[in-house]
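Please read the structure below before turning to the comments.
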Amino acid sequence: MDYRRTYVRDLFNLSPGTQASAYGWVKTRRDSKGISFVQLSDGSCFKDLQIVVNEGTVSADALKLITTGACVRFDGEIVESPAAGQAVELLAKDVEVFGAADPEKYPLQKKGATMEYLREIAHLRVRGNTFGAVFRVRAQAAFAIHQFFHNRGFHYIQPPIITASDAEGAGAMFAVSTNLQLDDKHQYKLTSNDPAADFFGKPSFLTVSGQLEAETLALGLTNVYTFGPTFRAENSSTSRHLAEFWMVEPEMAFCEIEGNMTRAEEFLKEVIGYLLENSGQDLDFFNPRIEPELLKTLSHVVDSPFERMTYTEAVKLLEASGEKFEYPVFWGTDLQSEHERWLTEVKVGRPVILTDYPKEIKAFYMKENSDGKTVRAMDVLAPRIGEIIGGSQREEQLDVLERKIADFGLPLEPYWWYLDLRRFGSAPHAGFGLGFERLLMYVTGMKNIRDVIPYHRTPGNAEF
Ligand code: ATP
Ligand code: MN
């Protein structure tokens with residue numbers, strides 16, 4: 001077996017007459033007049049390679065095992081294909097079956113499986129069209145994100161996953177403790193009530209955001225970004241929330257709210273533009289299968305300027321809209337997804353950047369405006385999904401930040417190092433957080449965030 005074997009993706013580019021081997025999993029097999037037509041995929045591209053097996057070329061025993069889900073290698077010759085939609089196919093001369101898949105039991109049969117069912121067999125769903133495309137796009141998007149920042153001199157940093165600080169100051173964290181053990185009856189047992197006796201010597205949690213640590217690195221490296229897992233113990237089951245999700249968090253010194261907005265817009269446009277150029281086959285599948293106007297809206301995002309308005313202007317528009325919203329709108333309320341969708345879908349028809357939110361509904365670290373009521377926050381809202389990016393200019397003045405931490409009812413002590421940034425060489429700085437899975441929902445049109453991550457973590461589910 002040659003580890004440098006040719007991907008199916010590249011087999012399509014070989015000239016007729018070339019001897020080749022194709023490795024992969026059987027999607028379907030159809031027999032007609034003594035010829036078997038096998039659709040083979042190795043996940044390297046959306047398209048399956050058609051393999052033609054003439055009667056008698058492979059043993060009857062082997063042929064019996066070539067069923068949906070089986071893993072095989074075909075050796076043969078690339079020939080011109082008479083079938084529509086493909087220039088070439090492989091005329092088989094030999095086959096090796098690596099792993100059969102009993103057709104009576106294989107859970108991923110051909111048609112009509114619901115997304116919910118496929119979630120239960122998440123270890124196999126990647127072999128189908130939809131999830132093959134989702135995870136290829138996920139990988140391409142990750143690459144595009146790294147490339148965007150790398151090309152602009154940002155340093156990729158890795159903040160800790162276990163932390164003693166609550167970045168959002170909002171609770172909803174998973175505790176990390178060795179004081180809690182499973183006993184031999186599989187019951188929880190507390191070995192100590194004392195956080196000081198715990199592994200880290202104080203209460204520790206899975207991070208909800210790497211932002212605070214990213215700020216420390218930005219005030220030294222100037223432009224940095226994180227790209228890693230974050231965790232929120234939000235006990236709500238929505239189609240937009242995961243307990244474990246991946247976040248991209250750039251942090252920029254010498255940057256204020258305007259630069260932050262411009263950077264966020266440029267970022268979304270470049271990443272989406274990259275996917276339009278490089279994930280064409282996969283996006284062509286999502287459009288229209290999963291989302292009818294997907295390509296049109298994505299191109300529109302790349303080509304048109306994002307609308308910018310203040311929270312106060314948005315509330316006025318919502319109040320004047322005459323719409324019956326489930327949650328009432330008034331100045332000071334946090335906007336709900338239905339409000340965000342009305343603004344982006346009905347009112348503006350493209351992404352909207354909202355700024356200057358009431359300080360009470362945003363995190364403690366955001367820079368206060370001179371009105372004393374609002375902060376320099378910015379949320380990027382996208383049609384179909386609402387908030388996709390949340391960001392702000394950070395408060396860089398020590399006295400104001402100390403007051404705000406106290407106003408939020410948070411203790412000062414754990415933030416000593418964060419406050420040090422304002423004590424020594426403070427600088428105006430800003431940044432934002434993009435939920436990677438929210439972006440993937442947007443670009444694929446997938447309706448549930450559980451279906452754009454290989455294994456979703458949500459209330460009641462940690463399978464796989
Ligand atoms: P939401 O109001 O949608 O819950 P948030 O205000 O809690 O979002 P932030 O704390 O600003 O979100 O987090 C930054 C980004 O991370 C959001 O813009 C969103 O894209 C993403 N995000 C937040 N919470 C989740 C979650 N539970 N699952 C997936 N992505 C999330
Ligand atoms: Mn939230």
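Both counts, for ligands and for their atoms, begin at 1 and track the order of listing. Computed from a prediction, not measured in an experiment: that's the story for all the values here.
- Atoms of ligand 1 found under 4.0 Å from any heavy atom of Ile389 (numbered from 1 in listed order, with element): 18 (O).
- Figure legend: cation-pi geometry between Lys404 and Phe364 absent, as NZ or CZ is not positioned both under 6.0 Å from the six-membered ring centre and within 45° of its axis.
- Residue contacts with ligand 1, taken as heavy atom pairs separated by less than 4.0 Å, involve Arg240 via backbone and side-chain atoms alike.
- A salt bridge links Arg308 to Glu265: at least one charged side-chain nitrogen sits closer than 4.0 Å to a carboxylate oxygen.
- For atom 5 (P) of ligand 1, the choice among Arg457, Glu387, His241, Glu249 with the nearest heavy atom turns out to be Glu387.
- For Tyr455, the OH atom counts as densely surrounded, since its 6.0 Å shell holds more than 12 non-hydrogen atoms of other residues, nucleotides or ligands.
- Side chain to side chain, Thr312 and Trp331 meet the donor-acceptor criterion of an N or O pair below 3.5 Å.
- By the 4.5 Å heavy-atom criterion applied to side chains, Tyr156 and Phe149 are not counted as neighbours.
- The Met247 neighbourhood of ligand 1 comprises atoms 14 (C), 15 (C), 16 (O), with distances under 4.0 Å to a heavy atom of that residue.
- For the side-chain hydrogen bond (donor to acceptor under 3.5 Å, both in side chains) test, no residue two or more places apart in sequence or in another chain qualifies with Lys359.
- Every atom of ligand 1 is numbered from 1 in the order shown, and the set under 4.0 Å from a heavy atom of Glu234 is 27 (N).
- If you look at Arg438 next to ligand 1, the close heavy atoms, those under 4.0 Å, all belong to the side chain.
- At a threshold of 4.0 Å, the pair Glu256-Arg394 does not count as salt-bridged, since none of the basic side-chain nitrogens sits closer than that to a carboxylate oxygen.
- When heavy-atom distances to ligand 1 are checked against a 4.0 Å cut-off, Ile449 comes that close only through its side chain, counted from C-beta outward.
- Cation-pi geometry between Arg127 and Phe131 is not met at under 6.0 angstrom from the ring centre and within 45 degrees of the axis.
- Checked against a 3.5 angstrom limit, the closest N/O atoms of Ile388 and ligand 1 fall inside it.
- Heavy-atom contacts of Gly390 reach the following atoms of ligand 1: 18 (O) (cutoff under 4.0 Å).
- Ligand 1 has a nitrogen or oxygen under 3.5 angstrom from a nitrogen or oxygen of Gly435.
- Ligand 1 has no atom lying under 4.0 Å from any heavy atom of Glu437.
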